[in-house]
Each structure stands twice: as structure tokens, then as C-alpha cells.
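Predicted model, so just to flag it, every value in this text is computed and none were measured. What's counted below: heavy atoms across the whole structure, side chains too, no hydrogens, waters or symmetry copies.
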Amino acid sequence: EIQDPTNSNSALTIDSSGIVTTPSGFANSATATFSSASNVIQLTSNGIPSWANEITLSFRGVSWTSNSNNLLFRAYVGGSVVTANYVYTSHYNTTDSITVSDRTAGNDGGFSFYGWDSAANEMNGTVTFNHVQNYTYIVNGFSTTHTAPAYLNRFSGTITLSGPISGVDMTNGSNFDAGTARVIWR
């Protein structure tokens, strides 16, 4: 057991099998809800600690007001948003077809379920950043939409940053009109 030196309360417990337990209130997550006057759902820009090796963003019911805008997932370093070097491949499929989009030029300004840009979409899914080494992350995303239930959307890629991820957000070229999100790290 590790105790808080200011009050002797349990700060962390590790049992004999190696399972780590933290007391309630351990801050390893952040949440956000859309604002109709904004094209960003900001979970945190500077709240993710440098030791985080896995960062997972979960989102539900996210939609936006105008067509032709891809939903982007962006990282922050030192509180500043990163807008370049998102290298990935995106694809969506049904039982009888697959559509692939090569996004390896890194010019999209974020990771995206590329091609799913209709305002009628209501996106639900997860995006996970896994720390590999130095400041390089492997990123995978999966989503579905109620408006096209036969489709599964995915992307997989990598990004090398100037420092550890300090935050994440979701953005779009138009304002959001629905959605909630949560990020957790460990």
C-alpha cells in the first residue's frame, strides 16, 4: 500500500497477484459534450500525464451540421494541438464490399474515418493511441453509425510527435449538433 503523506489515506494498493487498485476519485479520465456553437469537442488539452501509454477516446452520438466535413481526432503536445503528420489508412466495409482510402501523406490535420462526412451521420466508437517508443504512437479507430447500420468504419495509422500526448479532441469543419465523449488513460 502507498499512502498519501499529507493525510495517511491509501493512495494506491497492489495486491499479491499484482493487481493495482486506486481509491475513488483517481483522475485518469476526462469527459466533454458538444457545444452547438463550436466545431471542437475538447476533452483535455493538457490533462493527460506524460506516463500514459494507452489513451482511449470513446464517443457516442456525434454529429455535425454540414455535409462534406470529416470528423477528425487530434492529439495535443504541451497543451498545443497537433495539425500535421497523421499517417493512416481508412476504410469502411459491408458484407460484400470494402472502400479503402490511403491517407499516408499525413495532410488531413487529424485521424479520420475518411469518407464519412455527411451531416446525417451519428458516429459511435473508439480511437486508441498506443505509445510505442519515444513520442511515436500507433492509433486505431473503430466506429459505427445508426444511419448506416450495415457499415463498419476503421482506420489505423501512426504519428510521431515532439513530446508525449497531453490532450485529445474531436473537430469538424462545421459545428457539432450532438454528441458526448470520454477519454481515459493508463
Short side-chain to backbone donor-acceptor contact, [X] and [Y], under 3.5 Å:
X: Ser166; Y: Gly79; result: yes
X: Asn46; Y: Thr44; result: no
X: Ser63; Y: Glu122; result: no
X: Trp185; Y: Thr56; result: no
X: Thr158; Y: Tyr137; result: yes

How about [X] and [Y]: do any of their side-chain heavy atoms sit closer than 4.5 Å?
X: Thr160; Y: Asn85; result: no
X: Val127; Y: Val139; result: yes
X: Phe176; Y: Ile41; result: yes
X: Arg74; Y: Val82; result: no
X: Val87; Y: Arg103; result: no

Write down the atom of [X], the atom of [Y], and the distance for their closest heavy-atom approach.
X: Thr171; Y: Asn39; value: OG1-O, 2.8 Å
X: Met123; Y: Phe59; value: O-CD1, 3.6 Å
X: Tyr76; Y: Val81; value: CD2-N, 3.3 Å
X: Thr33; Y: Thr180; value: OG1-CG2, 3.9 Å
X: Ala52; Y: Ile48; value: CB-CG2, 3.8 Å
X: Phe155; Y: Ser112; value: CD2-O, 3.5 Å

Between [Y] and [X], do the side chains contain a donor N or O and an acceptor N or O under 3.5 Å apart?
X: Thr65; Y: Asp177; value: no
X: Arg154; Y: Asn140; value: no
X: Thr136; Y: Asn134; value: no
X: Asn153; Y: Ser143; value: yes
X: Ser101; Y: Ser90; value: no

Just to verify, which of Asn70, Leu71, Asn172, Asn67 counts as forming a side chain to side chain contact (heavy atoms under 4.5 Å, CB included) with Asp117? Asn70
For the atom pair [atom1] ([X]) and [atom2] ([Y]), what is the distance rounded to the nearest 0.5 Å?
X: Thr83; Y: Asn107; atom1: OG1; atom2: CG; result: 10.5 Å
X: His91; Y: Asp102; atom1: NE2; atom2: CG; result: 13.0 Å
X: Glu54; Y: Ile184; atom1: CD; atom2: CD1; result: 7.0 Å

Is there a chain of hydrophobic side chains (I, L, V, M, F, W, Y, each step under 4.5 Å between heavy atoms) that links [X] to [Y]?
X: Val77; Y: Trp51; answer: yes
X: Tyr114; Y: Leu72; answer: no
X: Leu57; Y: Trp116; answer: yes
X: Leu161; Y: Leu43; answer: yes
X: Phe129; Y: Tyr135; answer: yes

Indicate the ring-plane relationship of Phe111 and Tyr86, choosing parallel, tilted or perpendicular according to the 30° and 60° boundaries. perpendicular
Going through the distances and angles, do Phe73 and Tyr88 end up as a ring pair (Phe, Tyr, Trp, His ring centres under 6.0 Å)? CA-CA 12 Å; Phe73 300 87; Tyr88 67 105; 10.0 Å; no
Applying side chain to side chain contact (heavy atoms under 4.5 Å, CB included), run through Thr99 and Asn93 and close with a yes or a no. CA-CA 6 Å; Thr99 302; Asn93 61 287; over 6 Å; no
